[in-house]
Amino acid sequence: MSQNKPTIPKGTRDFSPVEMSRRNFIFDTIKSVFKAYGYQPIETPAMENLTTLLGKYGEEGDKLLFKVLNSGDFLKGVNPNDVNSENLNSLSVKMCEKGLRYDLTVPFARFVVQYQNEITFPFKRYQIQPVWRADRPQKGRYREFYQCDVDVIGSDSLLNEIELVLIINDVFGKLGVNSTIKINNRKILSGMAEVVGESERLIDITVAIDKIDKIGLDAVNKELSEKGVSAKAIDMLQPIITLSGSNTEKLQKLRNVLAASVTGMKGIDEMQQIFDSLQPLQGLKTKVELDLSLARGLNYYTGAIFEVKANDMEMGSICGGGRYDDLTGIFGLKNVSGVGVSFGADRIYDVMLHLGAFPESLLSSSRVMFANFGSREAAFCLPILQQLRSSGISAELYPDAAKMKKQFDYANKKNIAFVVIVGEAEMQAGIASVKDMVSGNQETIKIEELVEHLK
RNA sequence: GUGGAUGUAGCUCAGUAGGUUAGAGCAUCAGAUUGUGGUUCUGAGGGUCGCCGGUUCGAGCCCGGUCUUCCACCCCA
């Protein structure tokens, strides 16, 4: 018997009924939008083979993978000489053949390759499940959190990118979260690196300029220099990093700068096409802006890159994604391009809570509670409750014949809209006293008219 | 992984130079009110002061370690 207080692991959380109703509101909203665009759900296991996960998220990502210790003799195959801290990676692979998934995209790629003959392409799927990262927790960062992924795989068309923008717009519109979609293209970034003669440092360059909003231009230049980017190249990068104007103005300027790069020009064309298509779509509440400083660390992106930030609260990105031309290639299926985004439900929750964006109605459970006066009255009420329920009115009977004060208190705390009182007198007369818990008014209703009255 | 803060009742926090039985508000429960909540009044319960160790006659307070949460970096949803 442990005397210690029960706890849960660092960075994980329990969710109360109130929190769950809010979380479900987010999940249900997102799901309804995904369905409206014809996406179908899948699920994959919490654990994947470690070989599926390793090497997909960069060096940093590998470190953040939770590994699952083998069952039984996990030291089998481990040479005592191998046990030292310089050898942690190969050691952990010997003792752990499974790991918790780090995101939903890589398991999805695995899924697509594994079931390629049963899938109809283009395959539009959504997936809402938790993922785990051994990160150090802080604001908006958890070790267990939910991602809500939508992806189309098996189609090169830019219509998919456009559709994703519309989905993002719909989701945040329905949730009432003002946000901005930042969009960039990996090909433009490649073109930049190519034009300044630093192609092999693409990742370093993108990671550095990704920070411009946070640390400023000077610090970005310093970081570039520290990463070994030549002074000349940094100089050439300046007009690109600090590019301003409308989306099309930016693209125009870029055409001049990147004229020498075939890849870069292709990226510009792609972006132009996306913006042109979005132009005539009215009612797009969410701003879409070309942001060249948007890089995103995941190195499997090859085309468009998306990131969504909440306008009214400081929070990391609440949604992100992009196009990956060859993610399935590493699992043996070549030439299949996909594009998708992932909504961070937990961050969206934090933003909505901060903004007070959750509907009040989420707090109530039943619409109606019947007061309990004893077994005879309760028995009389049960059929009435069933009638209400079958009419779509959620109703409950207080389980004990407790004091009225206690029963009303309960209804009050649970935000129940009406309390129905059927005691001896009401039973005799075939009526019910119905109290509106918001206004405090109470009226007498015939039992037969209850359903109609409470709708 | 690096650096910094934090931890006292269910919650939000007091706690004076280390000195008897550690306090408040809110919440909970009971009563005032035997068929009426959200207002009021009265009373009650609830804490090994995150955990482990050290210094001291004596530690909530000082020291070391550890864990949690939070913040910055790294990276990211």
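In this text the structure is predicted, and so the values were computed from the model without any measurement.
With B:C29, B:G37, B:C76 as the candidates, the nucleotide lying closest to the side chain of A:Lys413 is B:C29. Picking from B:U36, B:U68, B:G37 the nucleotide with the shortest atom distance to the side chain of A:Lys10 gives B:U68. Taking only side-chain atoms of A:Ser433, from C-beta outward, the nucleotide of B:U68, B:G35, B:C76 with the closest atom is B:G35.
Within a 6.0 Å sphere centred on CE of A:Met47, other residues, nucleotides and ligands contribute 12 heavy atoms or fewer.
Among the protein residues, A:Asp409 comes within range of the sugar-phosphate backbone only, with heavy atoms under 4.0 Å from sugar or phosphate atoms but none that close to a base. Using a 4.0 Å heavy-atom cutoff across all strands shown, A:Ile318 reaches sugar-phosphate atoms only and no base atom. Across all strands, A:Glu144 comes closer than 4.0 Å to no nucleic acid atom at all (heavy-atom distances). Nucleic acid contact class of A:Gly440 (heavy atoms, under 4.0 Å, all strands): base. Within the 4.0 angstrom heavy-atom criterion, no nucleotide atom of any strand lies near A:Val419. Among the atoms of the strands shown, none is found under 4.0 Å from any heavy atom of A:Gly374. When heavy atoms are screened at a 4.0 angstrom cut-off, A:Met404 is found touching the sugar-phosphate backbone but no base atom. Contacts of A:Ala371 with the nucleic acid, taken as non-hydrogen atoms under 4.0 Å apart, are absent. Within the 4.0 angstrom heavy-atom criterion, base atoms lie near A:Glu424. A:Phe343 comes within contact range of no nucleotide atom at all, as no heavy-atom separation falls under 4.0 Å.
Spacing between atom CE of A:Met369 and atom C1' of B:G38 amounts to 14 Å, rounded to whole angstrom units. Spacing between atom CD1 of A:Ile168 and atom P of B:A77 amounts to 13 Å, rounded to whole angstrom units. Rounded to whole Å, atom C1' of B:U33 lies 14 Å from atom CZ of A:Phe408. Between A:Phe306 atom CZ and B:C76 atom P the separation is 18 Å, expressed in whole Å. If you measure from atom OH of A:Tyr398 to atom P of B:U36, you get 15 Å, rounded to the nearest angstrom. B:C75 atom P lies 16 Å from atom CZ of A:Phe145, rounded to whole Å. Rounding to whole angstrom units, CG of residue A:Asp62 and C1' of B:C76 are separated by 15 Å. The CD atom of A:Gln407 sits 14 Å away from the P atom of B:C29 (whole-angstrom rounding).
Only the P atoms considered, B:A27 is 11 Å distant from B:G38, to the nearest whole Å. Separation of the C1' atoms belonging to B:C52 and B:C29 is 36 Å when rounded to the nearest angstrom. Here, B:G18 and B:A59 have their P atoms 13 Å apart, quoted to the whole Å. Remark: the separation of the P atoms in B:C71 and B:G31 is 44 Å, to the nearest Å. Taking atom C1' in both B:C41 and B:G50, the straight-line distance is 38 Å, to the nearest Å. The separation of B:C49 from B:G23, taken at their C1' atoms, amounts to 12 Å, rounded to a whole angstrom. Look at the P atom in both B:U68 and B:U2: the space between them is 14 Å, to the nearest Å. Only the P atoms considered, B:C63 is 16 Å distant from B:U56, to the nearest whole Å.
Aromatic ring orientation, A:Tyr300 versus A:Tyr324: perpendicular (interplanar angle above 60°, classes split at 30° and 60°). Ring geometry for A:Phe34 versus A:Tyr39: interplanar angle of 30 to 60°, hence tilted.
When Watson-Crick and G-U wobble pairs are counted only if both distances are under 3.5 Å, B:G3 pairs with B:C71. With a 3.5 Å ceiling on both atom-pair distances, B:G58 lacks any Watson-Crick or G-U wobble partner.
Judged by distance alone, with hydrogens and angles left aside, A:Asn412 brings a side-chain donor or acceptor within reach of the base of B:G37, the pair sitting under 3.5 Å. At a cut-off of 3.5 angstrom, counting only N and O atoms as typed in the model, there is no donor on one side facing an acceptor on the other between the side-chain of A:Gln442 and the base of B:G35.
Put simply, A:Lys403 has a side-chain N or O that comes within less than 4.0 Å of OP1 or OP2 on B:G31. Checking the phosphate oxygens (OP1, OP2) of B:G35, no side-chain nitrogen or oxygen of A:Lys405 falls inside 4.0 Å. A sub-4.0 Å separation between OP1 or OP2 of B:U36 and a side-chain N or O of A:Lys435 is absent.
For the pair A:Arg186 and A:Glu270, the salt-bridge criterion is not met [side-chain N within less than 4.0 Å of a carboxylate O]. Taking a cutoff of 4.0 Å between a charged side-chain nitrogen and a carboxylate oxygen, A:Arg376 and A:Glu424 qualify as a salt bridge.
Within the 4.5 Å cutoff, the side chain of A:Met352 has heavy atoms near those of the A:Val177 side chain. At least one side-chain heavy atom of A:Glu426 sits under 4.5 Å from a side-chain heavy atom of A:Ile421.
Paired with A:Asp346 under the rule salt bridge (Lys or Arg N to Asp or Glu O under 4.0 Å), one option of A:Arg143, A:Arg141, A:Arg23, A:Arg22 passes, and it is A:Arg23.
Remark: A:Tyr115 pairs with A:Phe111 by the ring pair (Phe, Tyr, Trp, His ring centres under 6.0 Å) rule, at least two apart or across chains. Scanning for side chain to side chain donor-acceptor pair (under 3.5 Å) contacts around A:Glu144 gives A:Trp132, with sequence neighbours left out.
Per the stacking criterion (ring centres < 5.5 Å, plane angle < 30°), A:Tyr410 does not stack onto the base of B:G37.
Within the cation-pi definition used here (under 6.0 Å to the ring centroid, within 45° of the axis), A:Arg13 qualifies as a partner of A:Tyr142.
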Under-3.5 Å N/O pairs linking protein and nucleotides 71-74 of chain B:
from: B:C71; atom 1: OP2; to: A:Lys139; atom 2: N; distance (Å): 2.1
from: B:A72; atom 1: OP2; to: A:Gln138; atom 2: OE1; distance (Å): 3.2
from: B:C74; atom 1: OP1; to: A:Lys211; atom 2: NZ; distance (Å): 3.3
from: B:C74; atom 1: N4; to: A:Arg141; atom 2: NH1; distance (Å): 2.8
from: B:C74; atom 1: N4; to: A:Arg141; atom 2: NH2; distance (Å): 3.3

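Nearest-nucleotide assignment on RNA chain B puts the 5′-proximal partner with A:Ile8, out of A:Leu64 and A:Ile8.
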